[in-house]
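Shown next, in structure tokens, is the structure this report addresses.
Only this structure's heavy atoms are used, side chains among them; waters, hydrogens and symmetry mates stay out. Chain letters run A, B, ... following the sequence lines, proteins first and then strands; every chain starts at 1.
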Protein chains: 2
Amino acid sequence: MESEREALLQFSSQFCEELSNDDEGLKREILAHAGNRWSLGVLHILGTNGPLRYGELRRYLTGVTQRMLTRTLRHLERDGLISRYDYEEKLRRVVYAITDMGKEMLLRMLPLWSWIITSANYFRETRAKYDSD
Amino acid sequence: MESEREALLQFSSQFCEELSNDDEGLKREILAHAGNRWSLGVLHILGTNGPLRYGELRRYLTGVTQRMLTRTLRHLERDGLISRYDYEEKLRRVVYAITDMGKEMLLRMLPLWSWIITSANYFRETRAKYDSD
DNA sequence: CAGTATCCTTGCGGATACTG
DNA sequence: CAGTATCCGCAAGGATACTG
């Protein structure tokens, strides 16, 4: 039904009116994890493969530099979406895991993510047409 | 049920394995609309208030500069999420509207957005604790 | 092994002034 | 009215080298 979509859009008004209040910045920052280069990948890998060490994560995320992996992990940890545990051993060993909050966020991002993937051809064509004008 | 969440996470694997293919960049760019300063606001306003002129949009988005509004509109138009119509009149008049694709994206972003809003307090506290260490 | 430190380029977001 | 043009600071993302 078309009206069910309209209803959802209307329902959303209450949230988007909050776009203009003080901590609108905080919300956008959390949301920005969705657009960041490695955040979604880290969340997903930790969500499906369980806790992993730094080096293991690196191998999953082909192409990530140490700098960017560390940055991403710190950001996600700061927002409580992953946890970090440093076994203080001589041979260093640090393990990262997704938190319950991280799983909640991941579950709410996946529908959007999968929709974008299935729509990739549409976007490619639309952009090509736009750029050629 | 806890297992239903696990199932969803597993289900998602097929998508995130695509993280490493060629147009992964395109997908993240589309997703980046979620984290951009004005994109979600524009989509929402056009989605609930119908087609609007440039100046009207400006009044809805308190604080937006002309430069950023124009940039945001161009990006959204390039991805086919909004449409632009220029009535070629002497008194200039340009109207923007959300497209069907834009509505689809908006509908898939709102659950994530609303979840973040209701979790804002959690994030504030988590960050405060992280920053104090 | 799990990071830092340094340098670089690109794009975001904003301020201000100007225009068909 | 609906934009451009120009300048700025800042953060993302990456390359490369180094370290406890």
(message) Strictly by salt bridge (charged side-chain N to carboxylate O under 4.0 Å, His left out), give each pair with a member in residues 47-70 of chain B just once, sequence neighbours left out.
(response)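 Every pair satisfying salt bridge (charged side-chain N to carboxylate O under 4.0 Å, His left out) with a residue in residues 47-70 of chain B: there are none.
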
(request) Could you note down all residue pairs passing salt bridge (charged side-chain N to carboxylate O under 4.0 Å, His left out) where residues 71-80 of chain B supplies at least one of them, sequence neighbours left out? (result)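 Sorted pair list: Arg127(A)-Asp79(B), Asp131(A)-Arg78(B).
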
(request) Sugar-phosphate atoms are those with a prime plus P, OP1 and OP2; base atoms are the rest. Using that split, label each nucleotide of nucleotides 5-20 of chain D B, S or - for protein heavy atoms under 4.0 Å, 5' to 3'. (result) -B-----SBBB-B---

(request) List in chain and number order the residues that pass ring-ring contact (aromatic ring centres under 6.0 Å, His included) with Tyr60(B), two or more places apart in sequence or in another chain; answer none if no residue qualifies. (result)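 Not a single residue meets the ring-ring contact (aromatic ring centres under 6.0 Å, His included) criterion with Tyr60(B).
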
Co-members of the apolar cluster containing [X] [side chain, <4.5 Å]:
X	result
Tyr130(A)	none
Tyr85(A)	Tyr87(A), Val95(A)
Leu91(B)	none

(request) With pairs defined as Watson-Crick or G-U wobble and both distances under 3.5 angstrom, please note down DNA chain C as a dot-bracket string, | for pairing with another strand. (result) ||||||||||||||||||||

(message) Measure OH/Tyr96(B) against P/dA2(D) and give the value in whole Å, please.
(response)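 Checked: the OH to P distance equals 9 Å.
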
(request) To the nearest Å, give me how far apart CZ (Arg74(B)) and P (dC12(C)) are. (result)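 Taking CZ of Arg74(B) and P of dC12(C), I get 15 Å after rounding.
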
For [X], side-chain hydrogen bond (donor to acceptor under 3.5 Å, both in side chains) partners two or more places apart:
X	value
Thr65(B)	none
Glu88(A)	none
Arg124(A)	Asn121(A), Asp23(B)

(message) Contact list please: residues 125-133 of chain B against DNA chain C, heavy atoms, distance less than 4.0 Å, in numerical order.
(response)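 Under 4.0 Å from DNA chain C: no residue of residues 125-133 of chain B.
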
(request) Using a heavy-atom cut-off of under 4.0 Å over every strand shown, decide if Tyr87(A) touches base, sugar-phosphate, or nothing. (result)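 Touches nothing.
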
(message) Taking Lys129(A) first and then Glu125(A), would you say they form a salt bridge - that is, a charged N and a carboxylate O separated by under 4.0 Å?
(response)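 Result for this pair is no, no salt bridge flagged.
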
